[in-house]
Amino acid sequence: MTPTLDIWSKAPSPVGLLSNFAPHRFELDGVECASMEALLQAFKFGDPDEQAEIYSLVGSRAKSRGRRSTWVDTQTLWWAGRAYPRLGRQYQGLLDRAYAALAGNRRFAVALTATGDAELTHSRGQPDPTMTVLTPDELCSRLMSTRERLRATTA
Ligand SMILES: Nc1c(N[C@@H]2O[C@H](COP(=O)(O)O)[C@@H](O)[C@H]2O)[nH]c(=O)[nH]c1=O
C-alpha cells in the first residue's frame, strides 16, 4: 500500500522540510525569499515596501505577518505590482512558477525525492481557496508533480 505523509512544520525530517515554513531559500523574479511561506504571505500585500518586510521571514512568523492583510475582502493577491484574483488561472501559474523556483533549492529537492512514492497530504491546511493563499490540494499536487520532474531529471 502507498504510504501517506502529512506535511507540516513539526513533522520529522524529511516531511517537515516540505512544509512551507521550512527555511529553504530561493529566488523568484529576482526576489530572494527565505521560505515559501514568506513569498505566499507577501502575496497578500499590494504595497511593495510591506512585501519586502516579509521576504526574510520563515515559519510561523511569516504566516502570522500575513494576518495583517485584508486580502480576503478583495480576493486579490499581488506579485511584482500586478493584481491576481485568488480564483484566477493566472494565480495558479504564479504558484507553479514559485514551486519551480523552490525546486532549485537542493535541501528541499533532496527532502522531496526522499518521500519516494508516498501520497502527500496537508491536513492542517485550509481547503477553502477564498480563505487561504494555498489550499492543501494546491500544495500537495505541486509537491508531487515537482517530485516527478526531479526524478525524471535525475534518472
Ligand atoms: N497551518 C500550518 C501550515 N499552513 C500553511 O499556511 C499557508 C497558508 O496560509 P494562510 O493563507 O494564512 O492560510 C500555507 O503555506 C500552508 O501550508 N503549514 C505548516 O507547516 N504548519 C501549520 O501548522
Side-chain angles (χ1 to χ4, degrees), residues 1-45 51-67 69 71 77-80 82 84 86-155:
M1 210 179 90
T2 317
T4 297
L5 299 173
D6 190 14
I7 294 163
W8 75 295
S9 50
K10 295 198 173 129
S13 177
V15 186
L17 291 174
L18 301 179
S19 156
N20 287 330
F21 285 15
H24 300 309
R25 282 194 171 276
F26 65 98
E27 197 182 294
L28 183 66
D29 300 335
V31 175
E32 172 105 6
C33 301
S35 65
M36 180 58 83
E37 196 64 27
L39 178 65
L40 294 171
Q41 298 301 329
F43 287 162
K44 296 182 177 178
F45 298 89
Q51 289 187 310
E53 288 171 20
I54 304 174
Y55 297 135
S56 61
L57 302 179
V58 301
S60 55
R61 283 192 65 212
K63 185 167 160 83
S64 341
R65 182 62 182 76
R67 292 205 186 103
S69 164
W71 78 274
L77 298 165
W78 298 88
W79 178 243
R82 181 176 157 190
Y84 288 82
R86 172 63 180 92
L87 299 180
R89 223 160 29 90
Q90 307 291 332
Y91 182 61
Q92 295 301 314
L94 176 60
L95 291 176
D96 289 342
R97 292 203 304 112
Y99 277 88
L102 176 63
N105 179 294
R106 180 147 173 81
R107 254 169 39 103
F108 168 79
V110 167
L112 184 56
T113 47
T115 61
D117 291 321
E119 177 79 17
L120 303 178
T121 60
H122 182 46
S123 64
R124 278 169 179 80
Q126 157 67 259
D128 178 352
T130 66
M131 298 302 290
T132 180
V133 280
L134 193 75
T135 64
D137 272 358
E138 288 169 335
L139 169 65
C140 296
S141 63
R142 284 181 177 83
L143 290 177
M144 289 188 278
S145 61
T146 303
R147 187 174 64 187
E148 283 304 304
R149 261 197 311 281
L150 286 170
R151 235 189 240 146
T153 53
T154 53

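What you are looking at is a predicted structure, and each value in this text was computed from that prediction instead of being measured. Computation of the quantities below employed the complete heavy-atom set of this structure, encompassing side-chain atoms and omitting hydrogens, waters and symmetry-equivalent molecules.
Note that the CG atom of Asn20 and the CD atom of Gln41 stand 9.5 Å from one another [nearest 0.5 Å]. If you take CG on Leu143 and CG on Leu5, they are separated by 11.0 Å, rounding to the nearest 0.5 Å. How far CD of Glu37 is from OG of Ser64: 9.0 Å, rounded to the nearest 0.5 Å. Rounded to the nearest 0.5 angstrom, Ile54 CD1 and Phe45 CZ are separated by 4.5 Å.
In this structure, Arg89 is not positioned above the aromatic face of Tyr91 in the sense of NZ or CZ being under 6.0 Å from the six-membered ring centre and within 45° of the axis.
The ring pair (Phe, Tyr, Trp, His ring centres under 6.0 Å) search around Trp78 returns none, not counting sequence neighbours. The ring pair (Phe, Tyr, Trp, His ring centres under 6.0 Å) search around Phe21 returns none, not counting sequence neighbours.
Each salt bridge (Lys or Arg N to Asp or Glu O under 4.0 Å) pair with one or both residues in residues 7-30, not counting sequence neighbours, appears once here: Arg25-Glu32, Asp29-Arg97. The list of salt bridge (Lys or Arg N to Asp or Glu O under 4.0 Å) pairs with a residue in residues 56-65, not counting sequence neighbours, reads Glu50-Arg65, Glu53-Arg65. For residues 120-141, the set of pairs meeting the salt bridge (Lys or Arg N to Asp or Glu O under 4.0 Å) definition, not counting sequence neighbours, comprises Arg86-Glu138. Listed by first then second residue, pairs satisfying salt bridge (Lys or Arg N to Asp or Glu O under 4.0 Å) with a partner in residues 142-155 read Asp96-Arg142, Asp117-Arg151, Glu148-Arg151, not counting sequence neighbours.
Distance alone, capped at 3.5 Å, is enough to place a donor-acceptor pair between the Ser35 side chain and the Ala38 backbone. The backbone N or O of Ser123 sits nowhere less than 3.5 Å from a side-chain atom of Thr121 that would complete a donor-acceptor pair. The backbone N or O of Gly16 lies less than 3.5 Å from no partner atom in the side chain of Ser9, so there is not a single donor-acceptor pair. The main-chain N or O of Lys44 is found under 3.5 Å from a side-chain atom of Ser69 such that the two form a donor-acceptor pair. Without hydrogens or angle criteria, Gln90 side chain to Tyr84 main chain gives no donor-acceptor distance under 3.5 Å. A donor-acceptor pair is defined here as one N or O able to donate and one able to accept, closer than 3.5 Å; no such pair exists between the side chain of His24 and the backbone of Asn105.
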Next item on the list: Evaluate side chain to side chain contact (heavy atoms under 4.5 Å, CB included) for Leu94 paired with Leu28, printing each intermediate quantity in order.
Entry: CA-CA 10 Å; Leu94 176 60; Leu28 183 66; 4.3 Å; yes

Note to self: Before you tell me yes or no, could you show the steps for Phe26 and Cys33 under side chain to side chain contact (heavy atoms under 4.5 Å, CB included), namely the whole-Å CA-CA distance, both residues' side-chain angles and the distance that decides it to 0.1 Å?
What the structure shows: CA-CA 6 Å; Phe26 65 98; Cys33 301; 3.9 Å; yes

Item checked: Working for side chain to side chain contact (heavy atoms under 4.5 Å, CB included), residues Leu17 and Arg107 -> CA-CA 8 Å; Leu17 291 174; Arg107 254 169 39 103; 4.0 Å; yes

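Partner Leu120 forms a side chain to side chain contact (heavy atoms under 4.5 Å, CB included) with one of Val15, Thr115, Thr4 and no other, that one being Thr115.
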